[in-house]
Engineer: 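Here it is, the structure in full.
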Amino acid sequence: MLQKVHSLLDSSYEEMVSIRRYLHQHPELSFKEYKTAKYITDFYHNLGVDVRENVGGNGVVARIKGGKPGKTVALRADFDALPIQDEKDVPYKSTVPGVMHACGHDGHTSTLLMLAKAIHTLKEDLEGEYVFIHQHAEEYSPGGAKPMIDDGCLEGVDVIFGTHLWSLTPTGTIEYKVGPVMAAADRFTIKLQGQGGHGAQPHKTKDAIVAASQLVIHLQQIVSRRVNPIDSAVVSIGSFVADNAFNVIADRATLIGTVRTFNKDVRKAIEIEIEKILKGICLANDCTYEYDYSYGYPAVVNHLEETEFIVSCAEKVKEVKNIVEAEAHMGGEDFAYYLQNVKGTFFFTGAKPEGVEKPYPHHHPRFDIDEKAMLIAAKTLATAAITSHSK
């Protein structure tokens, strides 16, 4: 049976590529994926598959029951794009100014659609039920996973699997990891209020830029001096705004940054340490502040048995040439919420473009993938879904 599914996926590869390229040309931002959601819904309607739309927002969930009893297995793909101008010179370049699929979600979607089509074709000979979760808004917290779960997308699900096409890893490679694999991703905003004035009279001001600059430097000591070196953590400032004329000392500066952690205690400690340093800097510079710390996605923590199982599944896919234990990624992923509710695992499928020595990373204007990786991802997920019933 597994061979039949793999053969169907082989025969549908051109359609898989066609869907991916269509989606790549027509990207939509998080929480605005209305046409993409309709495209997915229409695909299932044309197959004659039961489908729910508007799940937790723009989410789409399709369910296919096999002809024999068994477990309920969920597979998830995200479908939102990013606010990035596509700079690739390819026929399937984004047609939407300032928006592109710069993280492979178009490939995730086409992978899952073709897998659903294959499962549907052979459903009478398959065991259990298959839940295809097409999730909106992965890129932007609070994300689409949690509202979809709240709206019942995991109802009756016994196990869930997900993958991310990874442009920096050679095609033919599957990367797995037991336990924490992607970090909790938080955001903070700091507004420093000083007292502006003439650039020629600094002694009559309370310079917000000087205070904010000191803050940026001192925040670097949190990870290097206040976090146990055994615990991974990141504190980064991504935005520093204090716009003024050249001869004006700023009275206000705004910093926006991110914190990445795996350990819950470290996460909370960093939140507190930021404000302790902030208070000290403001005291020294006679400034006041506003501090907002927003918790984003929790860490993605893979379950042991399901992760070991995905390794055994990857071994059954002929196109998989290398299976390696992945390093933990400091990037965030709201797949974390699914794993907090049911057992499962999230793995990476190598998608480095062929003939490219140094591929562009995710979220880059020239990001692209090797489309053959979609077939590998589909076969690995198919193997996991179908053989889950015999575990």
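Treat the numbers as computed from the prediction; the structure is a model and nothing was measured.
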Engineer: Would you say Glu33's side chain and Phe31's backbone share a donor-acceptor pair under 3.5 angstrom?
Structural biologist: yes
Engineer: For Ala233, what residues pass the side chain to side chain contact (heavy atoms under 4.5 Å, CB included) criterion, not counting sequence neighbours?
Structural biologist: Val223, Val227, Thr261, Val266, Ile270
Engineer: Can we call the ring centroids of His105 and Phe79 under 6.0 Å apart?
Structural biologist: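 No, the ring centres sit 6.0 Å or more apart.
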Engineer: So does Tyr140 have more than 12 non-hydrogen atoms from other groups sitting under 6.0 Å from OH?
Structural biologist: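 No, the 6.0 Å shell around OH holds no more than 12 heavy atoms from other groups.
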Engineer: Give a yes or no on this: more than 12 heavy atoms of other residues, nucleotides or ligands lie within 6.0 Å of atom NZ of Lys316.
Structural biologist: yes
Engineer: Is it true that, when you exclude Asp89 itself, more than 12 heavy atoms of the residues, nucleotides or ligands shown sit nearer than 6.0 Å to its CG?
Structural biologist: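 Open: at most 12 neighbouring heavy atoms sit under 6.0 Å from CG of Asp89.
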Engineer: Take atom CG in Asp125; do more than 12 heavy atoms of anything else shown fall under 6.0 Å from it?
Structural biologist: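 Yes, because the 6.0 Å sphere around CG of Asp125 holds more than 12 heavy atoms from other groups.
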Engineer: Taking the six-membered ring for Trp, are His134 and Tyr44 ring centroids under 6.0 Å apart?
Structural biologist: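 They qualify: ring centres under 6.0 Å apart.
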Engineer: Can you confirm if the aromatic rings of Phe367 and His363 lie within a centre distance of less than 6.0 Å?
Structural biologist: no
Engineer: Starting from Ile149 and following side-chain heavy-atom contacts under 4.5 Å between hydrophobic residues (I, L, V, M, F, W, Y), which residues can be reached?
Structural biologist: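 Answer for Ile149: Val55, Val61, Val131, Ile133, Met148, Leu154, Val157, Ile160, Trp166, Leu168, Val181, Met182, Tyr297, Val300, Phe335, Tyr337, Tyr338, Leu339, Val342, Phe346, Phe348.
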Engineer: Could you measure the distance from the OH atom of Tyr291 to the CD atom of Glu275? Nearest 0.5 Å is fine.
Structural biologist: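 Interatomic distance, Tyr291 OH to Glu275 CD, rounded to 0.5 Å: 6.5 Å.
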Engineer: Starting from Met330 and following side-chain heavy-atom contacts under 4.5 Å between hydrophobic residues (I, L, V, M, F, W, Y), which residues can be reached?
Structural biologist: Val234, Phe262
Engineer: Around atom NZ of Lys93, are there more than 12 heavy atoms of other residues, nucleotides or ligands at under 6.0 Å?
Structural biologist: yes
Engineer: So Phe188 and Asp292, side chain to side chain contact (heavy atoms under 4.5 Å, CB included) or not? Walk me through it.
Structural biologist: CA-CA 6 Å; Phe188 63 88; Asp292 177 69; over 6 Å; no
Engineer: Within a reach of under 6.0 Å around CD of Glu155, are more than 12 heavy atoms found that belong to other residues, nucleotides or ligands?
Structural biologist: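 No - once you tally the heavy atoms of other residues, nucleotides and ligands closer than 6.0 Å, there are 12 at most.
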Engineer: Which residue is it: Arg20, Arg21, Lys88, Lys352? I am looking for the one with a salt bridge (charged side-chain N to carboxylate O under 4.0 Å, His left out) to Asp368.
Structural biologist: Arg20
Engineer: When Ile, Leu, Val, Met, Phe, Trp and Tyr are grouped by side-chain heavy atoms lying under 4.5 Å apart, directly or through other members, which residues fall in the same group as Val301?
Structural biologist: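 Members besides Val301: none; it forms no cluster.
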Engineer: Can you pull out every salt bridge (charged side-chain N to carboxylate O under 4.0 Å, His left out) where at least one residue sits in residues 157-184? Sequence neighbours excluded, please.
Structural biologist: none
Engineer: Treating His303 as the side-chain partner and Thr345 as the backbone partner, does any N or O pair qualify as donor plus acceptor under 3.5 Å?
Structural biologist: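 No.
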Engineer: For the pair His108 and Asp78, evaluate side chain to side chain donor-acceptor pair (under 3.5 Å) and give the outcome as yes or no after the intermediate values.
Structural biologist: CA-CA 7 Å; His108 299 168; Asp78 38 19; 2.7 Å; yes
Engineer: For Glu138, give me all partners under salt bridge (Lys or Arg N to Asp or Glu O under 4.0 Å), at least two apart in sequence or on another chain.
Structural biologist: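 Checked Glu138 against salt bridge (Lys or Arg N to Asp or Glu O under 4.0 Å); zero matches.
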Engineer: Would you call Val159 and Glu306 a side-chain contact if the rule is heavy atoms closer than 4.5 Å?
Structural biologist: yes
